[in-house]
Enquirer: 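If you scroll down you'll find the structure; I have some questions about it.
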Amino acid sequence: MRAIKLIFSIMKKSLLVFLSASLLISCGASKTLVTADKTPILTELNLVEVVDDKVMVRLDPGAFTNDTISFFIPKTVPGTYSSDNYGKYIEDFKALDYDGNELTVSKIDDNTWNIVEGKKLDKVTYWVNDTYDTENEVQEAVFSPSGTNIKAGENYVLNLHGFVGYFDALKEVPYEITIVKPADLVSTTSLIEKAMETADPSKDVFQASRYFEVIDNPIMYAKPNTETFQINDIEVTLSVYSPNGIYTAASIRESMEKMMSAQKTFLGDIDSTNEYNILLYLSTMEQDANGFGALEHHTSTVVVLPEVMQKEALEQAMIDVVSHEFFHIVTPLNVHSEEIQYFDFNDPKMSQHLWMYEGTTEYFANLFQIQQGLIDEAEFYKRIMDKVGNSKSYDDAMSFTEMSRNILEEPYKDNYANVYEKGTLINMVLDIMLREWSNGEKGVLWLMKELSKKYGDMTPFQDEKLIDEIVAMTFPEVRSFFVTHVIGNTPIDYGTYFSKVGLTTATQEEQTGYFLQGDVPFIDVDQANDNAIFVRKGIELNSFFTTLGVQGGDVIKSINGTPINLEAIRPIIGQSFGWTPETEITMVVERDAEELTFTGQVGAPTVNVTKLAPMEDASDTQINLRKAWMKG
């Protein structure tokens with residue numbers, strides 16, 4: 001949804017000034033002139049007077065007519081698919097009347113405050129802790145790209161859902177957000193900045209037409225380190241915070257410009273924005289990150305990656321991550337259901353179509369790279385087989401629509417990451433089928449263009465009717481695929497579809513790292529179990545683990561006497577790059593509530609890898625279908 005400019009005419013400005021003056025004169029029992037539903041909520045964040053790494057927030061609404069008022073900080077925001085309870089980071093919440101006296105407030109849950117004597121309410125104030133500094137202290141930490149950072153005088157990552165709340169029934173009311181900030185820091189955001197008669201380097205004022213627009217437009221404050229470039233009719237701004245000065249926006253501009261130009265060529269006439277902002281926060285990995293990646297918004301994305309990455313690796317990560325987020329302008333930002341259009345931040349109803357929102361997006365993020373010549377066929381095949389392998393570590397018989405609809409609950413939320421693995425493969429199969437049945441003319445990109453024309457960013461579809469609409473737009477046989485493999489619980493035989501495009505698989509032995517196979521880890525973190533480190537299940541383990549006797553699902557308790565947690569495993573992974581095959585190791589694991597000790601040499605780790613490659617005897621029909629699929 002594109003940002004809507006809040007434009008006041010001179011007459012309206014005069015009226016607001018008059019009303020403001022009247023309110024100052026008539027402060028008393030109530031704000032009788034302007035009710036809360038008819039005036040912007042005046043909001044202030046003070047980034048200068050930071051106390052104990054916390055920021056003060058003030059919200060000043062119009063007058064209320066109810067005796068009891070509820071104030072909320074989001075529990076969940078679009079694109080995260082998790083309950084993060086941002087209210088946990090709020091302290092010292094106060095509701096004040098017109099004389100500055102505190103009103104009675106009761107905290108209902110982590111994210112809800114009830115205020116009595118609501119007709120007397122003038123404003124609310126509270127302090128906000130950032131999530132970056134506290135991510136290692138809470139059991140279920142907030143994913144960094146959707147989190148918040150307060151580094152006084154140096155950097156502020158303002159995902160505003162972590163700072164600014166809303167009053168019940170006032171989510172459609174405009175906001176005017178004043179940010180008091182250090183004069184030497186600049187903002188990068190897609191929020192509309194209010195025109196001021198006199199520029200003030202210590203203050204920014206932004207406007208949003210409703211609460212969704214507030215949380216849909218993150219802001220990053222840092223010392224100037226930005227690059228702006230034009231991709232057709234889209235102005236792109238890249239803003240970088242590199243704490244040790246290792247990277248500048250200029251140093252990675254070229255790769256971003258090339259990548260986004262290729263994306264725009266791939267998308268063709270799909271266009272929903274004329275502005276896009278990339279906010280890149282580079283982590284020191286000391287205590288300022290919980291997971292690396294990005295979170296999409298309509299006209300921007302927040303990206304968090306390690307600052308220690310080599311330039312080539314960083315650029316490739318940016319290409320993979322940012323391309324995924326940018327493709328979200330197609331879905332769910334441009335094609336989405338009523339559950340997303342009318343998102344309830346504190347009691348969300350989830351859509352059943354994560355196969356499309358995340359799966360289609362991740363599929364495009366890989367497909368465009370082969371179509372636009374950014375990667376070769378071998379790399380594309382490797383990525384597809386990585387998806388196949390990774391998907392097997394999740395419940396392959398779980399209904400994708402059922403998982404999506406219940407993604408905030410167990411056991412479904414533990415399978416969430418499969419939306420990037422099997423979700424991609426669902427789209428790949430659908431793409432191949434559509435190409436086959438249309439003689440190569442129509443694929444998933446064509447389908448998304450048709451859905452974009454029908455709906456667009458302001459018109460949602462009905463969740464339960466989408467598949468019927470896709471079938472009506474395409475071919476009757478598509479229904480069987482969805483009923484069997486997406487709604488149903490039958491795993492997909494990918495070999496059948498590889499064969500259609502003249503590809504086959506073969507297994508071969510390949511060298512790996514001890515804990516990693518390229519960028520793919522053999523271990524993972526269980527955030528729900530005190531960040532325990534466990535060996536991944538459902539994947540092919542390397543000889544390092546299998547020779548020792550370690551199995552998928554084992555929790556690693558210690559290595560060579562060192563107790564293992566998230567902090568301890570990092571240097572051990574680093575040390576493993578210097579191990580020789582004769583290096584001795586003792587690993588203690590927990591399996592089925594029993595501790596087991598394994599001792600031996602680490603060896604030279606290998607793993608059996610299934611490779612995808614062209615058939616030697618592929619027919620012209622198969623080869624032509626492969627070209628239509630991979631080259632568009």
Side-chain angles (χ1 to χ4, degrees), residues 1-5 77-79 145-146 157-160 186-193 206 208-209 212-222 224-241 248-250 252-281 293-305 314-315 317-336 357-358 360-362 364-365 368-369 372 374 445 448-449 452 456-458:
M1 194 178 310
R2 295 177 63 178
I4 303 173
K5 292 186 179 180
V77 293
S146 60
V157 176
L158 307 183
N159 273 303
L160 290 172
V186 297
S187 65
T188 304
T189 183
S190 295
L191 272 176
I192 301 300
E193 191 164 1
F206 300 102
S209 64
F212 180 82
E213 193 173 305
V214 174
I215 64 98
D216 190 43
N217 290 282
I219 311 171
M220 185 166 76
Y221 279 95
N225 186 5
T226 63
E227 286 287 316
T228 299
F229 50 90
Q230 200 76 22
I231 303 296
N232 294 353
D233 56 349
I234 303 175
E235 183 178 86
V236 179
T237 297
L238 169 65
S239 180
V240 177
Y241 170 68
T248 64
I252 57 177
R253 167 181 170 159
E254 183 179 353
S255 61
M256 286 295 92
E257 194 167 1
K258 179 180 178 182
M259 179 268 289
M260 296 191 77
S261 179
Q263 283 187 282
K264 192 67 178 69
T265 301
F266 174 83
L267 287 175
D269 55 3
I270 293 182
D271 190 11
S272 63
T273 181
N274 57 12
E275 175 186 14
Y276 201 80
N277 290 286
I278 303 167
L279 317 182
L280 172 59
Y281 177 96
L295 178 66
E296 84 275 4
H297 300 274
H298 279 72
T299 57
S300 60
T301 185
V302 176
V303 187
V304 179
L305 292 171
L314 178 70
E315 288 184 326
M318 286 288 287
I319 289 171
D320 293 336
V321 170
V322 175
S323 65
H324 176 99
E325 303 310 324
F326 183 73
F327 277 131
H328 273 304
I329 69 173
V330 181
T331 184
L333 303 180
N334 209 37
V335 179
H336 55 259
Y357 301 141
E358 295 297 340
T360 302
T361 303
E362 179 68 4
F364 284 172
F368 99 97
Q369 293 192 54
Q372 300 300 314
L374 300 184
L445 180 58
M448 296 312 301
K449 288 182 178 181
S452 295
D457 62 350
M458 293 301 291

Enquirer: Got a sec, which residues hit salt bridge (charged side-chain N to carboxylate O under 4.0 Å, His left out) with Glu257, two or more places apart in sequence or on another chain?
Expert: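 Partners of Glu257 by the salt bridge (charged side-chain N to carboxylate O under 4.0 Å, His left out) criterion, ordered by chain and then number, come out as Arg253.
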
Enquirer: Between Val330 and Thr360, is there a side-chain heavy-atom distance shorter than 4.5 Å?
Expert: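 A side-chain contact is absent here, since even the closest heavy-atom pair is not under 4.5 Å.
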
Enquirer: Which heavy-atom pair separates Pro78 from Leu295 by the least distance, and what is that distance?
Expert: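 Closest heavy-atom pair between Pro78 and Leu295: O-CD1, 4.1 Å.
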
Enquirer: Among residues at least two apart in sequence or on other chains, which ones pass side-chain contact (heavy atoms from CB on, under 4.5 Å) with Ala294?
Expert: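 Expected list: Thr301, Val303, Val321, Glu325.
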
Enquirer: Only counting residues at least two apart or in another chain, list the ones meeting side-chain contact (heavy atoms from CB on, under 4.5 Å) with Ser261.
Expert: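 side-chain contact (heavy atoms from CB on, under 4.5 Å) list for Ser261, sorted by chain: Ile231.
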
Enquirer: Is there side-chain contact between Met259 and Gln263, with at least one heavy-atom pair below 4.5 Å?
Expert: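 Contact flag for Met259/Gln263 side chains = yes.
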
Enquirer: Go through Val304 and Val157 one step at a time and tell me if the side chain to side chain contact (heavy atoms under 4.5 Å, CB included) criterion holds.
Expert: CA-CA 10 Å; Val304 179; Val157 176; over 6 Å; no

Enquirer: Could you work out, with side-chain contact (heavy atoms from CB on, under 4.5 Å) as the rule, every residue matching Thr248, not counting sequence neighbours?
Expert: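 Listed in chain order: Asn225, Ala250, Ser251.
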
Enquirer: What distance separates Asn232 CG from Thr265 OG1, expressed to the nearest 0.5 Å?
Expert: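 With rounding to 0.5 Å, CG (Asn232) is 6.5 Å from OG1 (Thr265).
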
Enquirer: Please give me the minimum heavy-atom distance between Leu305 and Ala317, naming the atom from each residue.
Expert: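 Closest approach of Leu305 to Ala317: CD1-CB, 4.0 Å.
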
Enquirer: Kindly give the heavy-atom pair with the smallest separation between Pro218 and Ser300, and that separation in Å.
Expert: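 Taking Pro218 first and Ser300 second, the nearest heavy atoms are CD-OG, 3.4 Å.
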
Enquirer: Under the side chain to side chain contact (heavy atoms under 4.5 Å, CB included) test against Ile329, which residue among Leu267, Ile234, Thr299 passes?
Expert: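 Filter result, single survivor: Leu267.
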
Enquirer: Applying side-chain hydrogen bond (donor to acceptor under 3.5 Å, both in side chains), name anything that partners Tyr221, two or more places apart in sequence or on another chain.
Expert: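 Only Asp204 meet the side-chain hydrogen bond (donor to acceptor under 3.5 Å, both in side chains) criterion with Tyr221.
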
Enquirer: Restricting to side-chain hydrogen bond (donor to acceptor under 3.5 Å, both in side chains), what partner residues turn up for Glu193, sequence neighbours left out?
Expert: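 Testing Glu193 for side-chain hydrogen bond (donor to acceptor under 3.5 Å, both in side chains), a comparison that skips the adjacent residues, returns none.
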
Enquirer: The criterion is ring-ring contact (aromatic ring centres under 6.0 Å, His included); which residues satisfy it with Tyr357, sequence neighbours excluded?
Expert: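 Partners of Tyr357 by the ring-ring contact (aromatic ring centres under 6.0 Å, His included) criterion come out as none, since no residue qualifies.
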
Enquirer: So Leu191 and Ile219, do their side chains get closer than 4.5 Å, heavy atoms only?
Expert: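 Counting from C-beta outward, Ile219 and Leu191 do come under 4.5 Å.
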
Enquirer: Looking at Glu213 and Asn217, what are the two nearest heavy atoms and their distance?
Expert: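 Nearest pair, atom of Glu213 first, then Asn217: O-ND2, 2.6 Å.
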
Enquirer: What residues, two or more places apart in sequence or in another chain, satisfy side-chain hydrogen bond (donor to acceptor under 3.5 Å, both in side chains) together with Asn277?
Expert: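 Here the qualifying residues are Ser190, Glu275.
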
Enquirer: State which residue, out of Leu160, Thr189, Ile192, fulfils the side chain to side chain contact (heavy atoms under 4.5 Å, CB included) condition with Phe206.
Expert: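 Exactly one candidate clears the test, Thr189.
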
Enquirer: So, using side-chain hydrogen bond (donor to acceptor under 3.5 Å, both in side chains) as the criterion, who are the partners of Gln369 when residues are at least two apart?
Expert: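 Expected list: Asp320.
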
Enquirer: Return yes if a side-chain donor-acceptor contact under 3.5 Å exists between Glu296 and His324, otherwise no.
Expert: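 Checked: Glu296/His324 side chains show no N/O donor-acceptor pair below 3.5 Å.
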
Enquirer: Report yes or no: does Ser146 contribute a side-chain atom to a donor-acceptor pair with the main-chain N or O of Asn159 at less than 3.5 Å?
Expert: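 Flag not set: sc Ser146 to bb Asn159 has no pair under 3.5 Å.
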
Enquirer: Do Met260 and Val236 come close enough that some side-chain heavy atom pair is under 4.5 Å?
Expert: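 Yes - at least one pair of side-chain heavy atoms lies under 4.5 Å apart.
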
Enquirer: Between Phe368 and Leu374, is there a side-chain heavy-atom distance shorter than 4.5 Å?
Expert: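 Yes - at least one pair of side-chain heavy atoms lies under 4.5 Å apart.
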
Enquirer: ring-ring contact (aromatic ring centres under 6.0 Å, His included) with His297: which residues, sequence neighbours excluded?
Expert: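 Result, ring-ring contact (aromatic ring centres under 6.0 Å, His included) vs His297: none returned.
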
Enquirer: Counting C-beta onward and ignoring hydrogens, is there a side-chain heavy-atom pair between Thr331 and Glu358 closer than 4.5 Å?
Expert: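 No, every pair of side-chain atoms sits at 4.5 Å or beyond.
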
Enquirer: NE2 of His328 to OG1 of Thr361: how many Å apart, nearest 0.5 Å?
Expert: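 Answer rounded to 0.5 Å: 4.0 Å.
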
Enquirer: Report yes or no: does Asp216 contribute a side-chain atom to a donor-acceptor pair with the main-chain N or O of Phe212 at less than 3.5 Å?
Expert: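 No, because the side chain of Asp216 does not come within donor-acceptor range (under 3.5 Å) of the backbone of Phe212.
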
Enquirer: Just by modelled atom types, is the Gly456 backbone N or O under 3.5 Å from a matching donor or acceptor in the Asn334 side chain?
Expert: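 Side chain of Asn334 to backbone of Gly456: no pair is present.
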
Enquirer: Under 3.5 Å, is there a donor-acceptor pair between the Thr237 and Thr228 side chains?
Expert: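 Yes - a donor-acceptor pair under 3.5 Å links their side chains.
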
Enquirer: Do Val302 and Leu279 have side-chain heavy atoms sitting under 4.5 Å apart?
Expert: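 A side-chain contact exists here, since the closest heavy-atom pair is under 4.5 Å.
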
Enquirer: Applying ring-ring contact (aromatic ring centres under 6.0 Å, His included), can you list everything that pairs with Phe266, at least two apart in sequence or on another chain?
Expert: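 By the ring-ring contact (aromatic ring centres under 6.0 Å, His included) rule, Phe266 matches Phe327, Phe364.
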
